[in-house]
**Q** 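Following this message is one structure expressed as structure tokens.
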Amino acid sequence: MSKNKSSESVKVVVRCRPLNRKEESNGPSGGIVQMDLRLGQVILRNPRASHSEPQKTFTFDAVYDANSKQRDLYDESVRPLIDSVLAGFNGTIFAYGQTGTGKTYTMQGMWLDPEKRGVIPNAFDHIFTHISRSQSDKQYLVRASYLEIYREEIRDLLDPNHATARGLELRESPETGVYVPDLTSCVCKSIKEIEEVMNVGNQARAVAATDMNEYSSRSHALFLITVECGQPGPDGRKHIRVGRLNLVDLAGSERQAKTGVQGERLKEAAKINLSLSALGNVISALADGRSGHVPYRDSKLTRLLQDSLGGNAKTVMVATLGPAQQHYDETLTTLRYANRAKNIQNRPRVNEDPKDALLREFQSEIARLRAQLNHRKWRSKQKKERQDDEGSDPDEDTECEEEEEVEKNAEEYVKREEQRLEREKEAIRGDRSLLADEKQRLLGEKERMMGDLRKEQEATEQLTAKYKAMESKLLVGGKNIIDHTNEQQKMLEMKRQEIAEQFRNEREMQQQMMVQDDETLELRETFTSLQQEVEAKTKKLKKLYAKLQCIKAEIQDVNDEHVRSRQELEQTQNELTRELKFKYLIIENFIPPEEKNKIMSRMTFDAEEDQWKFQPLVPAESKPLQMKKRPTSAVGYKRPISQYARVAITMGTNNRFRAENIMFLELDMNPPNTASLARLRDLNQSFPVDNFPTNDSGVHKSNSWCQNQKSLTSSSSNVSLSACTTAMSESAQ
Ligand code: ADP
Ligand code: MG
């Protein structure tokens with residue numbers, strides 16, 4: 001199937017969940033999805049179409065119906081991928097489908113029920129069992145990270161402050177591809193530890209889900225596992241292979257209704273599924289293979305999955321379906337999407353000896369600590385030997401090559417040294433021939449020596465602890481993990497793998513045969529009579545006609561979908577244009593042109609963060625000169641000055657608000673309605689007239705409500721109340 005030797009296509013499998021209780025109670029019509037497990041086909045029935053209309057058939061690498069077991073899916077479709085990751089390839093599994101079709105069930109499943117554990121817990125088992133069974137000359141380092149993308153922001157689920165922290169950024173390096181620089185990554189030494197990491201992240205998601213509506217169906221979750229394996233190569237040198245595994249549970253693929261969305265909420269809605277629609281565009285661009293540009297940069301998700309789609313990775317996509325009638329459109333969209341993804345070609349390769357392998361860093365750090373420790377121990381051993389020589393007890397001098405013995409001897413030495421110093425102190429105290437201050441000095445000296453000794457011992461202990469902690473992070477093949485499984489279990493597992501493999505091969509062959517059947521039908525047939533030939537050709541014609549009808553229906557469907565999405569886009573565009581006009585109106589009428597120009601010239605677009613940003617007023621490198629430079633708005637004046645003040649100065653009036661930005665605004669008041677006018681009249685009658693505030697009170701009431709609507713700028717001429725806003729101009733610092 002692959003185009004050339006180094007490339008392979010994305011594996012696409014489809015899974016359909018059983019009807020749930022609510023759907024069952026809706027009617028006895030049953031599902032609209034049929035599956036042929038042997039051929040890997042999905043047959044979709046359109047509940048609205050007439051019976052004569054042909055059903056839609058799609059073929060995939062594997063299909064799993066409502067009765068499928070988690071274990072089957074894992075053994076058949078995921079296990080080979082995890083094996084590749086353990087061999088140093090990058091691997092990605094992502095679940096795609098409408099909300100409620102079983103993406104999370106497939107990826108995570110039910111942790112406590114061994115039969116229902118999903119891809120992720122099974123992968124944990126797989127990875128650590130593999131390590132425990134591998135040869136002891138292999139060293140492993142396993143790390144895990146957990147992130148999610150919600151509204152185009154990347155959040156670190158293992159960071160305790162992730163809810164309040166700013167979204168993380170993405171970087172790209174030629175070596176590792178796209179990565180998240182500040183992402184927490186936890187070294188895991190056992191299944192238990194990695195499950196703990198997963199739990200912490202899941203809890204963070206659960207908290208967010210209770211706070212926000214529809215949260216879990218709108219966020220994408222990515223669990224990343226990095227497995228580094230060090231092993232001596234045939235050249236005698238140690239080589240490191242790094243496999244990276246992305247386990248992705250995507251947001252629900254259903255169309256988000258955008259009715260009545262405005263302003264801020266519109267922008268929000270546009271962001272919610274941006275990643276998913278960008279993913280669709282990337283898949284389309286890659287699948288048709290003609291367009292040179294693949295829009296990976298359009299969203300965070302597509303950037304993170306850049307390698308998994310058309311790059312250096314092996315990828316499995318699990319498309320999940322629901323069997324219910326009412327979701328026919330969504331189910332069809334999912335199947336089309338999945339069908340397109342089959343054509344994506346990846347170019348996976350083993351990541352051998354990458355520069356950023358943490359294992360290498362760990363190994364050299366461990367070697368350095370060990371050397372330091374050995375040196376210390378050697379030093380104390382030397383001292384001890386010297387003492388032993390002085391004490392003329394040569395029999396005690398043993399060869400202690402073993403590290404543990406060195407350690408024991410060092411401890412002994414420290415203890416004995418302490419005792420010796422203590423004894424000497426006693427002797428000094430008891431020695432009457434010494435003067436008091438001489439005694440004090442000697443005692444002080446001994447005290448200091450003891451302090452040094454203790455410090456030395458503490459340092460050694462610290463070093464040992466650091467060394468042990470560092471070393472314990474590395475897993476050694478066949479050593480660190482106790483393998484509970486006995487030989488029989490191992491055999492059983494192997495057999496199961498073999499069966500899965502066989503099943504896979506069989507299906508592939510069936511699929512190939514089906515394709516070839518159509519092609520060779522003609523060649524094999526020899527016709528004895530004209531009648532027979534006519535019959536055979538009529539049969540073929542019918543078959544081809546049916547195919548033609550299918551394709552016509554498909555074209556119609558695709559056209560309809562295209563029109564629908566175009567209408568949606570037009571609607572979004574109209575709403576955004578309306579919004580833009582509103583913002584323009586405000587800018588043109590309320591922001592002084594000079595300020596506007598200043599702001600515009602300072603703004604730059606940061607494509608990386610997808611944000612407009614202010615350039616600093618003073619370039620960073622000229623910071624020392626900062627104070628010498630006057631603000632641009634203060635040319636010719638002592639202080640920054642507003643447009644209003646400039647006009648006021650030239651007119652020679654109102655010096656009071658020189659440094660403020662003054663804007664004339666009309667009072668924002670509603671016209672009184674008749675009811676309140678009547679009440680006002682009542683009040684007027686119950687109070688003496690001269691108690692009422694009059695125009696003489698100094699406050700001029702604006703009567704704008706009874707005027708015709710005028711342009712906002714011209715209305716400033718009949719202003720009676722001035723509102724002053726504090727300076728928008730830059731402060732003088
Ligand atoms: P999604 O993550 O796609 O929104 P979920 O994984 O949360 O959907 O599944 C929705 C419900 O359907 C859950 O209650 C889940 O247990 C159930 N479910 C999904 N797939 C299956 C399956 N293959 N077998 C049994 N139950 C399933
Ligand atoms: Mg889910």
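Indexing begins at 1, ligand by ligand and atom by atom, following the structure's order.
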**Q** Could you find the nearest protein heavy atom to atom 22 (C) of ligand 1 and give me its residue, atom name and distance?
**A** Y105 CE2, 3.3 Å
**Q** Examine the proximity of ligand 1 to P18 and report which part, side chain or backbone, both or neither, has a heavy atom under 4.0 Å away.
**A** side chain
**Q** Could you give the distance from OG (S68) to CG (L73), rounded to the nearest 0.5 Å?
**A** 6.5 Å
**Q** Once you restrict to heavy atoms under 4.0 Å, what part of Q98 touches ligand 1? Side chain, backbone, both or neither.
**A** backbone
**Q** How long is the span from the CG atom in N122 to the CD atom in Q108, to the nearest 0.5 Å?
**A** 12.0 Å
**Q** Can you see whether Y96 has K103 sitting over its ring - NZ or CZ less than 6.0 Å from the centre and within 45° of the normal?
**A** no
**Q** Check the pair E115, M110 against side chain to side chain contact (heavy atoms under 4.5 Å, CB included), reporting the backbone distance first and the verdict last.
**A** CA-CA 8 Å; E115 285 283 303; M110 295 172 188; over 6 Å; no
**Q** Within the 4.0 Å heavy-atom shell around R15, which atoms of ligand 1 are there?
**A** 23 (N)
**Q** Contact between G97 and ligand 1, counting heavy atoms under 4.0 Å?
**A** no
**Q** Hey, does the side chain of E570 reach the backbone of S565 with a donor-acceptor pair shorter than 3.5 angstrom?
**A** no
**Q** Provide the number and element of each atom of ligand 1 under 4.0 Å from a heavy atom of T99.
**A** 4 (O)
**Q** When you measure from the Mg ion (ligand 2) to the N, O or S atoms of Y105, does any of those distances fall below 2.8 Å?
**A** no
**Q** Short N/O distance, under 3.5 Å, between G100 and ligand 1?
**A** yes
**Q** For ligand 1, is there an N or O atom under 3.5 Å from any N or O atom of T320?
**A** no
**Q** Heavy-atom count check: over 12 atoms from other residues, nucleotides or ligands less than 6.0 Å from K116 NZ?
**A** no
**Q** Going by a strict under-4.0 Å cutoff (protein heavy atoms only), does atom 17 (C) of ligand 1 have a neighbour on the protein?
**A** no
**Q** Side chain to side chain contact (heavy atoms under 4.5 Å, CB included), that's the test. Do V12 and V318 meet it? Break it down for me.
**A** CA-CA 6 Å; V12 182; V318 185; over 6 Å; no
**Q** Set out, in order, the CA-CA distance, both residues' side-chain angles and the distance that settles ring pair (Phe, Tyr, Trp, His ring centres under 6.0 Å) for F223 and F124, then state yes or no.
**A** CA-CA 11 Å; F223 194 83; F124 293 170; 5.5 Å; yes
**Q** Nearest to atom 2 (O) of ligand 1, what protein heavy atom do you find, and at what distance?
**A** T104 OG1, 2.7 Å
**Q** Report the member of A66, G102, A95, S68 with the shortest heavy-atom distance to atom 5 (P) of ligand 1.
**A** G102
**Q** Is at least one protein non-hydrogen atom found at under 4.0 angstrom from atom 9 (O) of ligand 1?
**A** yes
**Q** I need the L305 CG to Y296 OH distance, nearest 0.5 Å.
**A** 10.0 Å
**Q** Return a yes/no value: protein heavy atom under 4.0 Å from atom 13 (C) of ligand 1?
**A** no
**Q** Would you compute the distance between atom CZ of R504 and atom OG of S77 and round it to the nearest 0.5 angstrom?
**A** 7.0 Å
**Q** Polar-atom distance check: K103 versus ligand 1, any N or O pair below 3.5 Å?
**A** yes
